[in-house]
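Here is the structure we will look at, set down as structure tokens.
In listed order, ligands and their atoms are each counted from 1. Atom set for the values below is all heavy atoms of this structure, side chains included, hydrogens, waters and symmetry mates excluded.
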Amino acid sequence: MTTTDLRARARIDLGALRQNFGVIRDAVGPDVEVCAVVKADAYGHGLWACMSELVEAGVDRVAVATADEAVAAREVSADTPIVVLGALTERELEVAISVGAEISVWDEGFLTSVAAGSVREGTTTRVHLKFDSGMGRLGAQDPERVASLAETAASSEGIHLEAVWTHFATADELDGPGADFLRAQLDRFLELGEGLKATYPGLLLHAANSAALLREPDSRLDMVRPGVALYGLDPFGKNPADRGLEPVMKLVSGVASIRVIEPGGTVGYGRRWEARAETEIATVPIGYGDGYRRGLSDRSDVSIGGRRFPVAGTVSMDNIAVELGPPGSSGVSIGDEVILFGGDDAERILAEELAGTLDTINYEITCGISPRVPREAHGNRE
Ligand SMILES: *Cc1c(COP(=O)(O)O)cnc(C)c1O
């Protein structure tokens with residue numbers, strides 16, 4: 001396939017996003033709310049297009065990490081409930097309240113600020129009390145403290161006690177001690193949550209991220225908070241197709257130049273790649289400035305015309321070189337589309353594969369695609 005633009009672009013398949021949402025909706029059934037996590041610009045996929053699609057598909061709520069993200073999400077949809085999961089300063093809290101976001105709380109002083117800010121704004125803010133059942137980052141560690149916060153919240157003007165929630169540390173570990181720890185966290189949370197629910201009927205309990213909701217039905221409770229799986233990335237780092245998930249992002253660029261390198265000739269910074277025989281090299285305008293990481297130098301493949309070719313030498317800021325083999329053998333021409341990862345052909349390269357090479361997780365691959373790369377959404381909304 002020939003491309004009209006050579007520079008790197010991220011194609012965002014909204015049909016795949018909708019399919020992945022359907023997989024999660026079907027898994028949890030109609031009685032469990034789906035709160036789509038769209039923080040970090042929808043894991044690098046582009047908030048506007050992704051959230052619009054999810055709203056149209058019937059998502060119940062969305063979750064973000066920061067006040068600015070809440071503002072951006074409110075611009076996408078005037079009436080979708082938005083939950084802020086992260087910690088906020090007083091100033092950020094004001095911003096979040098002003099767009100009607102629901103707020104995570106684990107501290108008495110902060111709860112007072114939410115109440116005061118809401119009264120000033122003439123509004124009622126829904127709060128989600130966070131219990132630290134074992135992640136050890138944010139949330140109240142003592143269940144008694146959560147119960148006391150609930151009591152205060154339930155009687156405060158400007159506040160509606162909406163939910164109590166927690167977050168798992170090891171949901172992606174399918175076996176070993178991680179599996180037991182997930183169960184222990186869930187049990188601690190249920191002990192607290194079920195008690196509170198008896199006192200406050202209508203209180204929502206939520207805990208499960210993608211990994212937990214897929215592997216542990218008991219963790220789904222009243223609402224699930226999937227992020228990564230919605231984007232067609234496997235939370236366990238395996239092939240997303242095994243769970244019916246389709247990658248939403250396809251990172252592409254084009255062949256800008258083709259040259260023959262004679263034996264002994266080298267390519268790229270540091271002369272890291274050297275031709276053993278006469279070899280054709282394609283230059284492709286994408287590099288670590290686009291988020292195609294330098295750690296992939298000499299270690300990854302790209303896909304051109306449904307075939308894999310190895311990256312030759314150093315990934316630079318703006319370009320990579322690709323080894324096409326003996327001159328004339330590849331059938332590749334200038335202008336051909338180069339797929340760095342994603343897509344649906346048989347030889348596709350998954351974000352999970354690049355993550356494995358880089359000793360990281362698929363989340364970091366899509367979140368790391370830089371703002372220089374335009375996101376081009378297509379699919380149902382085209
Ligand atoms: C990011 C996040 C999620 C989503 O997790 P995934 O693993 O991407 O499904 C859920 N809950 C909280 C608190 C988060 O920070």
Original post:
Considering only protein heavy atoms, which is closest to atom 5 (O) of ligand 1, and at what distance to one decimal place?
Top reply: N209 CB, 3.4 Å

Subject >> Under-4.0 Å heavy-atom contact with ligand 1, by part of L85 that carries it >> reply: side chain

Original post:
What protein heavy atom sits nearest atom 9 (O) of ligand 1, and how far away is it?
Top reply: S210 OG, 2.5 Å

**OP:** Compute the shortest N/O to N/O distance between Y363 and ligand 1 and return yes if it is under 3.5 Å, no if not.
**Re:** yes

**OP:** Go through ligand 1 atom by atom and flag the ones less than 4.0 Å from a non-hydrogen atom of Y43.
**Re:** 1 (C), 4 (C), 5 (O), 6 (P), 8 (O)

Subject >> Atoms of ligand 1 close to V228 [distance to a heavy atom under 4.0 angstrom, numbered from 1] >> reply: 6 (P), 8 (O), 9 (O)

Original post:
What atoms of ligand 1 come within less than 4.0 Å of a heavy atom belonging to P226?
Top reply: 9 (O)

Original post:
Should V37 be counted as touching ligand 1, given the test is an N or O pair under 3.5 Å?
Top reply: no

**OP:** Give the residue, atom name and distance (to 0.1 Å) of the protein heavy atom nearest atom 12 (C) of ligand 1.
**Re:** H167 CE1, 3.3 Å

**OP:** Check whether any N or O atom of G227, backbone or side chain, sits under 3.5 Å from an N or O atom of ligand 1, and answer yes or no.
**Re:** yes

Subject >> Side chain, backbone, both or neither: Y231 near ligand 1, heavy atoms under 4.0 Å >> reply: neither

Original post:
Any idea which part of R225 is under 4.0 Å from ligand 1, heavy-atom wise: side chain, backbone, both or neither?
Top reply: both

**OP:** Among all protein heavy atoms, pick out the one at the shortest distance from atom 14 (C) of ligand 1; state its residue, atom name and that distance to 0.1 Å.
**Re:** K39 NZ, 2.9 Å

Original post:
Among all protein non-hydrogen atoms, which one is nearest to atom 13 (C) of ligand 1, and what is the separation to 0.1 Å?
Top reply: W165 CZ3, 3.4 Å

